[in-house]
Amino acid sequence: MRAHSTPQLGGSRNSSMDGDEWQRRRSTMYRRESNISEANFLQDVDMAQDEMFSGPMSESVPTATSAFASRTRSRADSTASFTYYEEERDFDSEDLPEEAVLDEQDELERQSLDANDMLLEPEADTELDEEYANGNGGRPSMDGRKTSGLSKMSRASRDSRRSRSSRGASADSPLLRRHHSTGSDASGFLTGGRLSQKIYIVTEDMTIVVAGFKTSLFGFALYFCLCLLTGGLGYLLLRWLPKWYVRLVGKSTPLGKCDWVVVENQWSEMMIMDLKKEEFGQSLSAVFGFNEKSKFRDYDEDDDPIMEELTILDYRYIRFCYHPLKDKFVLGSTWKDPAWTDVTAVRGGIDSDEQESRMSIFGKNAIDIEQKGTGQLLVDEAFHSFYVFQIASLILWSMDSYYYYAACIFVISVVSITSTLLETKATMKRLREISRFECDIRVLRGGFWRYVESSELVPGDVYEITDPNLDQLPCDSLLLSGDCIVNESMLTGESVPVSKTPAVDETLEMLNLSASAMHPDVAKHMLFSGTKIIRARRPPDDQSDEAAALALVVRTGFNTTKGALVRSMLFPKPSGFKFYRDSFRYISVMGLIAGIGFIASLFNFVRLGLAPHLIVVRALDLITIVVPPALPATLTIGTNFALQRLKSKLIFCISPQRVNVGGKLDVMCFDKTGTLTEDGLDVLGVRVVSRPANRFSDLSSDSSALLPGATYERDPTVDYNANKAILYTMATCHSLRIVDDQFIGDPLDLKMFEFTGWQFEEGSERPSGDEEEEGKSLTPSVARPPPGMEFDLDEDQDSPNSRRAIELGVLKTFEFVSQLRRASVVVRQFGEKSGDVYVKGAPEAMKDICRPDSFPADYDELLAYYTHRGFRVIACATKHIFKLNWLKVQKMKREEAESNLEFVGFIIFENKLKDATTDIIEELMEANIRTTMCTGDNILTAISVARECGIVDRNAHCFVPHFVEGDAHMPLSKLAWESVDNPVYQLDENTLKPLPPPAEHDSSLPYDVSNLRNYSVAVTGDVFRWMIDYASPKVLREMLVIGQVYARMSPDEKAELIEKLQSIDYCAGFCGDGANDCGALKAADVGISLSEAEASVAAPFTSRVFDISCVPEVIREGRAALVTSFSCFKYMSLYSAIQFTSVSFLYASASNLGDFQFLYIDLLLILPIAIFMGWTGPYPALARKRPTASLVSRKILTPLIGQILIVILAQLLGWLLVRQQPWYEPPILDKDHSNSENSENTTLFLLSCYQYILSAVVLSVGPPFRQSMAQNLPFVITMLVALAISSYMLFDPAPWLTGLMELTWMSINFRLIVLVLGGGYFVCSYVAERLVLPRLAAGLGRLNQRVSGRRKKRKEYKVILDEMRVQ
């Protein structure tokens, strides 16, 4: 079948896709929101499957788009509309030639496929076509309606032309030598008119629009004149408003002809970027590959025109290349050389010409972060709108003779800019040190070995990893020969070393760099950039002089796994926390009020006849009061103090904005092993199947009891073959390696091997597939028993074998695969002609591969007995193979080895809870924070641990679903929800509410119906996947709100669980410690990694205390920081209001505050108070309620407006009273200068000082989120000192101080009145803040609901819980 000739439902059929793959994809096409289906339904958006986290991260990034696409709410303020996107013009130029070459055979095939598709499934997927067409960035709604297959097909056929055009922008468009089917009949380049292009980058969860422009000479001249005429003000304005700049200077141009582009993402972040254009002079196929159809006919140069120029766009270190035939930018990180089919051929490397060509396309192999110079950073910081406002204010104050005040604010601004500059440079320097890596690499180029810099590596290069100078991998590579052990903790946070084996031809075939998850059979051969080499060994069978372990470069620079991690640190996603946005909105409102004051003052000053320059300066001065100088510092002060306190508790944060989000957590998900329980598992013992009775033996708690070493110690009635098999399994079936005489590997394997007491000698790996007979070139790993057990007592004593020592050689290893949940080895005793297969794995996986008659009758009962009690159970099986030779071993497939086995017993591991676990879970539950467990372990073990630590109520039912009809892959399967303790109790499958027990059931037994009110559910990964794909949205939501345990969850399912919880309005956190958790840690609102590795860059928080005590600490600090931010903001707003009120009253008579009065207020009162206000630590107990996170809510604004009114009232009283005093000294009207020495000024200044100080006391929030103000010693001292100085100035100021502050004489009685006014303000303000204003806010809310008829919007999960509540 010709590629792309068949229009399909979800996307074009890829030319390279084989029949089986196509059938698999088509069968999954109808899943609702499934991982696979979302990647297939691509319309109107170019999908860039830039898989950055392949490999060790592949298990931590959900398959295809579901990690992000499945969420119905965006993480930030994502916008569906883009400024420069013209949907009707974003056509795909592939349409015309594609339509032209459809033939009859294509039509027949299309019709047959369409018919099959319609019969596949009666219910089709949600209408993702519309989702993508509307620019929703691949976020289908969880409750999207289903459509019939027929209607879907009719829509597909109706829109076939249009959909085919957009599907041409395929997700798996490689950069070089892509086998595409379009444009084959087009001569030369298409001069299309695509002005903009929308691209959805899966792993970045980011939709971008690229729009092309050229510089308009007239527009640029106008811009230049504008900048000159306004003295640079036009430059600043257009710098802050890039859309205006583009409108003025840019001329919209097709992408193929533009000089620069505007790139805008869904968060409305806009960048103007120059395109990099290089002379290329090679054919199109050298970059984008040969098209598929041209393979079947003679070469025609019209099919493969010469590209004179290569156009490159680098956005956030993601590279795109312009495809002239398709008239669009194509992602550059997914390229795979078509020649990578044969390992032997690949080992030849590439030549220098090819290297130069690929270097121009992929760039250098360096994660080189562009570092701005000090001057550039200084300009960026100084030209920030806040600092420009400050500069304008300084000029204004200087014109009004406020020299001292202007000088001090200037110094503060310089210190602030300098500290920010130094911090930015230090951060960038640290990041460069982490990311930058250079060394000399021994590379095979043009048939000769040479040393080159690692930055010169390109995909296709072959280099040596056994070079003793190489301790860290410079790029993503495939191991071609030799063997290697690497530490991938930099990427995964898991410090267990990983063994890598040489790739084979099948590996190259399976390698798909455009896929969103690396195939596990590829990952075990993949060496990832940034991982440390623990050991690399040359292949023992390489007879050449240049015997070396070789690797093939597949990805370089920022396209590597490490590059993606660095990029995630450089460009973190907006957190969706609206505090800062709301704060500047509020300032805008205050600015409007200041504007009104400005106009009123203007008229007043004109009426009083002041000089024009004084009128302008005075009126403008009123606006500067609204934005106080210390505002930026006070907005982040609480977060900075929280970060310092967390750091002292060994909790580190790389994303400070997440601290505040921690204060809003509703649900916390925990991994089990290593997080809730201890890392290491101890072997409790072994239960062997006794033959021929076929029942389990008693527990053997040590290896000598399992297989006694002397004949007289053995029970003559027992057949010890099963004991021997399980002991041999424990001795040989593991992933341990020896480095520096130390075992390294999985902790479970290590504990299991230590239990045996055996010795292990590691052999040499060799690529499988070599058909040589066993000889000198192979050294298998060997396991030997401890002294005293060297001989097999079951051998006939007269046999020559009876005195032969036991030496078990491991001929072949099938490593643990998470999908199969088992590992196996093929073992042979030296000297024997036969061998054995030993398998260990999850007990559930054994029933498929063992003979049914080998299982004891009580298999399930014994398994349930141990798992119910929280033990980890591993099952073992074996089979004997007669006439086993080397050739047979190498040709043996895994399916053949792991079949028709005999079950031999259980290994039981004890997994203890960490000391802190139960107390922390109890603390979180009391704080009304839901806790759930998300683990890859057995469901009964998980439920047992959950009950032990309190996640699941010990006295209530826990229901587990299982399939009664069908399985996880069938849409019409049926689930039964049965209690894990008593199957008589069940849940209604449609409502997940408890069904009444049968009448004959004795409900007086434990777990009776009275305990049904606190019931929960535990779900396995396969049921979770089925519910995501096929269950009704209502049942899925109900499962999400009552599900407490999620077991046998794969890494992508863990991340998808977090996404689904967020979709029903949970603010979700995740705490985990291993590679399996990285996806969930990144997806969570607050991810906490228990790891020392710097790879915990995958999580915002890293705790070096390895228990969950960090979780309540983060929540406590988050709540305290959130409340502090609100308190500081309210205080700064009130400070502005107090000063604005004072100045407004004084303006009435053309007076103002003095220079040193402003200085005293801003520097000696406000700055220390605002800083130490945020010093207060978190309250030790977690409250059940959460602090508000919305600045524009009634809870915040009503009290703030009330406080402002009290301030105005107090100052009005003071202003009116002073004017009635006999000694009143009125302002002297000076048309050129302001007069500060008058009674109004003195009264309002001194009264306002008390308001500044005492309002800080009123607004300092204490319990339940922060400690009492009394425990904040610096704050208390600041208050007392400020009150003492202000009282001193009120009652008995020294003459020099009177002159400095421009104070006038007042009677002692009036001084007392000022003090009483200050005290009265405090009492009124305190009572109003604590009692009156919160009630008023609540009353206004109820009144608003009554008048508008709208109820307050509740979080979705709360509504679901209320509907499910058992009466």
Side-chain angles (χ1 to χ4, degrees), residues 412 579-580 582-587 589-590 593 625-642 660 1120-1142 1158 1160-1177 1187-1188 1190-1193 1195-1208 1210-1211 1247-1262 1265-1270 1272 1274-1283 1286 1318 1321-1322 1324-1326 1328-1330 1333-1334:
I412 288 173
F579 173 72
Y580 301 110
D582 288 346
S583 65
F584 286 102
R585 276 184 180 175
Y586 178 77
I587 289 167
V589 173
M590 291 294 286
I593 296 168
I625 291 169
V626 173
V627 185
L631 185 66
T634 52
L635 287 179
T636 57
I637 199 86
T639 303
N640 291 337
F641 283 140
N660 283 346
L1122 196 55
V1123 170
T1124 298
S1125 296
F1126 279 94
S1127 293
C1128 286
F1129 184 81
K1130 283 171 71 177
Y1131 178 66
M1132 297 306 288
S1133 300
L1134 201 55
Y1135 146 65
S1136 294
I1138 293 168
Q1139 199 167 81
F1140 180 79
T1141 306
S1142 302
F1158 274 122
Y1160 173 73
I1161 291 167
D1162 282 0
L1163 299 189
L1164 295 179
L1165 290 185
I1166 303 303
L1167 204 58
I1169 288 172
I1171 288 171
F1172 292 124
M1173 200 177 187
W1175 193 280
T1176 307
T1188 182
S1190 175
L1191 190 64
V1192 291
S1193 68
K1195 286 181 183 176
I1196 299 295
L1197 292 183
T1198 304
L1200 184 56
I1201 293 166
Q1203 291 292 347
I1204 291 171
L1205 291 174
I1206 295 169
V1207 163
I1208 294 170
Q1211 290 200 26
L1247 177 57
S1248 67
C1249 285
Y1250 283 108
Q1251 289 182 325
Y1252 294 127
I1253 299 163
L1254 296 172
S1255 61
V1257 177
V1258 171
L1259 296 176
S1260 276
V1261 179
F1265 303 120
R1266 298 203 312 167
Q1267 291 175 347
S1268 167
M1269 181 181 59
N1272 185 349
F1275 181 71
V1276 172
I1277 292 170
T1278 303
M1279 291 285 103
L1280 294 173
V1281 170
L1283 281 171
S1286 297
Y1321 161 77
F1322 173 69
C1324 292
S1325 182
Y1326 190 87
E1329 184 72 18
R1330 297 292 184 273
L1333 295 172

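Numbering of residues begins at 1 and proceeds along the displayed sequence.
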Minimum heavy-atom distance between [X] and [Y], given as atom pair plus value:
| X | Y | answer |
| --- | --- | --- |
| Cys1128 | Ala1170 | SG-O, 3.9 Å |
| Ala1256 | Met1279 | CB-CE, 4.0 Å |
| Thr1141 | Ile1208 | OG1-CG1, 3.7 Å |
| Phe1140 | Ile625 | N-CG2, 3.8 Å |
| Thr639 | Ser1125 | OG1-OG, 4.4 Å |
| Pro1168 | Thr1278 | CB-CG2, 3.9 Å |

Interatomic distance, [X] atom [atom1] to [Y] atom [atom2] [nearest 0.5 angstrom]:
| X | Y | atom1 | atom2 | value |
| --- | --- | --- | --- | --- |
| Asn640 | Thr1124 | CG | OG1 | 11.5 Å |
| Ile1253 | Ile1166 | CD1 | CD1 | 9.0 Å |
| Ile1138 | Ile1206 | CD1 | CD1 | 11.0 Å |
| Phe1265 | Leu1122 | CZ | CG | 8.5 Å |
| Leu1333 | Ile1201 | CG | CD1 | 10.0 Å |
| Gln1203 | Ser1255 | CD | OG | 8.0 Å |

So do [Y] and [X] actually touch side chain to side chain, heavy atoms under 4.5 Å?
| X | Y | answer |
| --- | --- | --- |
| Gln1139 | Ser1248 | no |
| Phe1129 | Phe1126 | no |
| Gln1267 | Asn1272 | no |
| Gln1251 | Leu1134 | no |
| Cys1249 | Leu1165 | yes |
| Val1207 | Tyr1321 | yes |
| Tyr1135 | Ile1169 | no |
| Tyr1131 | Ser1260 | no |

Is there a donor-acceptor pair under 3.5 Å between the side chain of [X] and the backbone N or O of [Y]?
| X | Y | value |
| --- | --- | --- |
| Arg1330 | Val1258 | yes |
| Gln1211 | Leu1247 | no |
| Glu1329 | Leu1259 | no |
| Arg1266 | Val1261 | yes |

Side-chain donor-acceptor contact under 3.5 Å, Tyr1160 with Ser1286: yes
Run the side-chain contact (heavy atoms from CB on, under 4.5 Å) check on Leu1283 and Tyr1250 step by step: do they pass?
CA-CA 7 Å; Leu1283 281 171; Tyr1250 283 108; 3.9 Å; yes
Check your understanding: Could you go step by step and tell me if Ile1161 and Tyr1252 meet the side-chain contact (heavy atoms from CB on, under 4.5 Å) rule?
Key -> CA-CA 8 Å; Ile1161 291 167; Tyr1252 294 127; 3.4 Å; yes
message = Using the rule given for side-chain contact (heavy atoms from CB on, under 4.5 Å), can you reason through Leu1200 versus Ser1133, listing the C-alpha separation, both sets of side-chain angles and the distance that settles it, and then say yes or no?
response = CA-CA 8 Å; Leu1200 184 56; Ser1133 300; 4.1 Å; yes
